[in-house]
Amino acid sequence: MDALIAMSLILSLYMAFNIAANDIGNSVGTAVGSGSLRMKKALLLGGFFVLVGALFLGGSVIKTISEGIIPQGLLSPRTALVITLTSSIWITFTIIKKIPISGSDAIVSSVIGAGIASIGIQNMRTDVVGFIVLSWIMSPVAGFLTGFVIYRSIRRVLIKPLQGMGMRDRLEKVFSYLQILSSSFSALNLGAVDIAVATGVIFATGYAGGYWIRILGALGLASGILLAGNRVTETIGRRITDLTPSRGFAAQLSAAVIVYLFLAYGMPVSPTQTLVGSVIGVGIAHGTSTVEYDVIRHIAYTWIVTIPTCVILSAAIYTITGFICIKDF
């Protein structure tokens, strides 16, 4: 049992590294894409606020991951190991491909697959699963609508009048500072979500707990951001649509507000899906010709594939580990 817990902890740190590298683009990608921040400064800023969010926020999301799907007491160390291994493998693959997937999708799908294989779907909280899946659908739609409305309002009330007065550049300079603030707010939310995704299943086993696990997870998140966060940040910031500080601010603020609202209900919502939705909404509000639909289709395809892949892979790994004499405790 101790060996399984130790392996799960190591994988959780690896998971934290991967998911932060994948997700940091949701917080600072628009700032990089609009030119408000250079990549290195953006990653340092994002890493700091993700660390703060991981340490002091997100307790309700950890509870959803650790107890909401598989009831408390039914998640064994072996199952926790399988869940973390599965989601880590998939996120590593997508980082290599520079695809901004959702870490929460990966971990929840892995929980479902391992849960079906270990205790059966009849013993799982299917109502919670349904609520989480609904949040996955609602968050990008809400991000899209909010981003569209906010940028359309900014454009109508500020950009067009000031552009006629020759003050557009000054306005964009102001928005570059505002975007740094919105990126910081978004990074706080990101830390709260990602710490739950990385360590939630460890808390669920009941064999390991305490604030020190959250500290280790937070350090893993920060390491992933600083060492590998540039890959997906590039995709979010520069490949979906052309961004200026005003557009980046609208997209980032929209996503941050939506994620914060879902966090209040303890839902492991996808910051990636929400931010991509808001970036698309802003791009369309500016003009559909600026949106790279091929990139969007590729990202959406990977989102869809993530869920069945992680469910099947998690169930398969759990079954295989049974044949090689890794037993539940």
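For the single chain, residues carry numbers from 1 onward in sequence order. Side-chain atoms are counted along with the backbone in the values below, which use heavy atoms only and exclude waters and symmetry mates.
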So, the side chain of [X] versus the backbone of [Y]: is there a donor-acceptor pair under 3.5 Å, distance only?
X: Ser278; Y: Ala251; value: yes
X: Asn189; Y: Val259; value: no
X: Ser314; Y: Gly113; value: no
X: Ser87; Y: Thr84; value: yes

Evaluate the side-chain proximity of [Y] to [X]: yes if any heavy-atom separation is below 4.5 Å, no if none is.
X: Ile24; Y: Ser27; answer: yes
X: Ile69; Y: Val108; answer: yes
X: Leu171; Y: Met167; answer: no
X: Ile159; Y: Arg168; answer: yes
X: Phe148; Y: Arg152; answer: yes

Which pair of heavy atoms, one from [X] and one from [Y], lies closest together, and at what distance?
X: Ile137; Y: Val141; value: O-CG2, 3.3 Å
X: Leu221; Y: Ile195; value: CD1-N, 3.9 Å
X: Ser139; Y: Thr274; value: CB-OG1, 3.3 Å
X: Met138; Y: Phe262; value: CB-CZ, 4.0 Å
X: Pro161; Y: Arg155; value: CD-O, 4.2 Å
X: Met124; Y: Val111; value: CE-O, 4.4 Å

[atom1]/[X] to [atom2]/[Y] distance, rounded to the nearest 0.5 angstrom?
X: Lys173; Y: Leu178; atom1: NZ; atom2: CG; value: 12.0 Å
X: Leu44; Y: Phe49; atom1: CG; atom2: CZ; value: 12.0 Å
X: Leu227; Y: Leu43; atom1: CG; atom2: CG; value: 10.0 Å
X: Ile225; Y: Leu190; atom1: CD1; atom2: CG; value: 6.5 Å
X: Leu45; Y: Lys40; atom1: CG; atom2: NZ; value: 14.5 Å
X: Ile112; Y: Ile70; atom1: CD1; atom2: CD1; value: 9.5 Å

Are [Y] and [X] co-members of a hydrophobic cluster defined by side-chain heavy atoms under 4.5 Å apart?
X: Ile304; Y: Phe144; value: no
X: Ile132; Y: Ile258; value: yes
X: Phe17; Y: Leu13; value: no
X: Ile121; Y: Ile312; value: no
X: Phe56; Y: Phe48; value: yes

Exercise. Any side-chain donor-acceptor pair under 3.5 Å between Asn18 and Ser88?
Worked result: no
For this session: Compute whether any side-chain donor of one residue and acceptor of the other, for Trp90 and Thr306, lie under 3.5 angstrom apart.
Result: yes
Problem set entry | Residues, nucleotides or ligands: over 12 heavy atoms within 6.0 Å of Asp169 CG |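 Open.
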Problem set entry | side-chain contact (heavy atoms from CB on, under 4.5 Å) partner of Ile89, the single match among Ile91, Thr86, Leu85 | Leu85
Problem set entry | side-chain contact (heavy atoms from CB on, under 4.5 Å) partner of Val279, chosen from Val276, Val282, Leu275 |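 Testing Val279 for a side-chain contact (heavy atoms from CB on, under 4.5 Å) against Val276, Val282, Leu275 leaves exactly one candidate, Leu275.
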Exercise. Step by step, would you call Ile154 with Phe249 a side-chain contact (heavy atoms from CB on, under 4.5 Å)?
Worked result: CA-CA 10 Å; Ile154 290 172; Phe249 169 76; 4.1 Å; yes
For this session: Please assess Tyr318 against Ile83 for the test side-chain contact (heavy atoms from CB on, under 4.5 Å), listing each intermediate value before the final yes or no.
Result: CA-CA 9 Å; Tyr318 182 88; Ile83 291 167; over 6 Å; no
Problem set entry | Under the ring-ring contact (aromatic ring centres under 6.0 Å, His included) test, residues paired with Tyr151 that sit two or more places apart |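 Not a single residue meets the ring-ring contact (aromatic ring centres under 6.0 Å, His included) criterion with Tyr151.
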For this session: Only counting residues at least two apart or in another chain, list the ones meeting ring-ring contact (aromatic ring centres under 6.0 Å, His included) with Tyr177.
Result: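 Tyr177 satisfies ring-ring contact (aromatic ring centres under 6.0 Å, His included) with no other residue.
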For this session: Show the numbers, then the answer: is there a side-chain contact (heavy atoms from CB on, under 4.5 Å) between Asp105 and Gln273?
Result: CA-CA 10 Å; Asp105 285 14; Gln273 292 173 353; 2.6 Å; yes
Problem set entry | Listed once per pair and sorted, the side-chain hydrogen bond (donor to acceptor under 3.5 Å, both in side chains) pairs that draw on residues 249-263, sequence neighbours left out | Thr30-Gln252, Ser186-Gln252
For this session: Decide side-chain contact (heavy atoms from CB on, under 4.5 Å) for Arg170 and Val174; before the verdict, give the C-alpha distance in whole Å, the side-chain angles of both, and the deciding distance to 0.1 Å.
Result: CA-CA 6 Å; Arg170 292 185 182 181; Val174 172; 5.9 Å; no
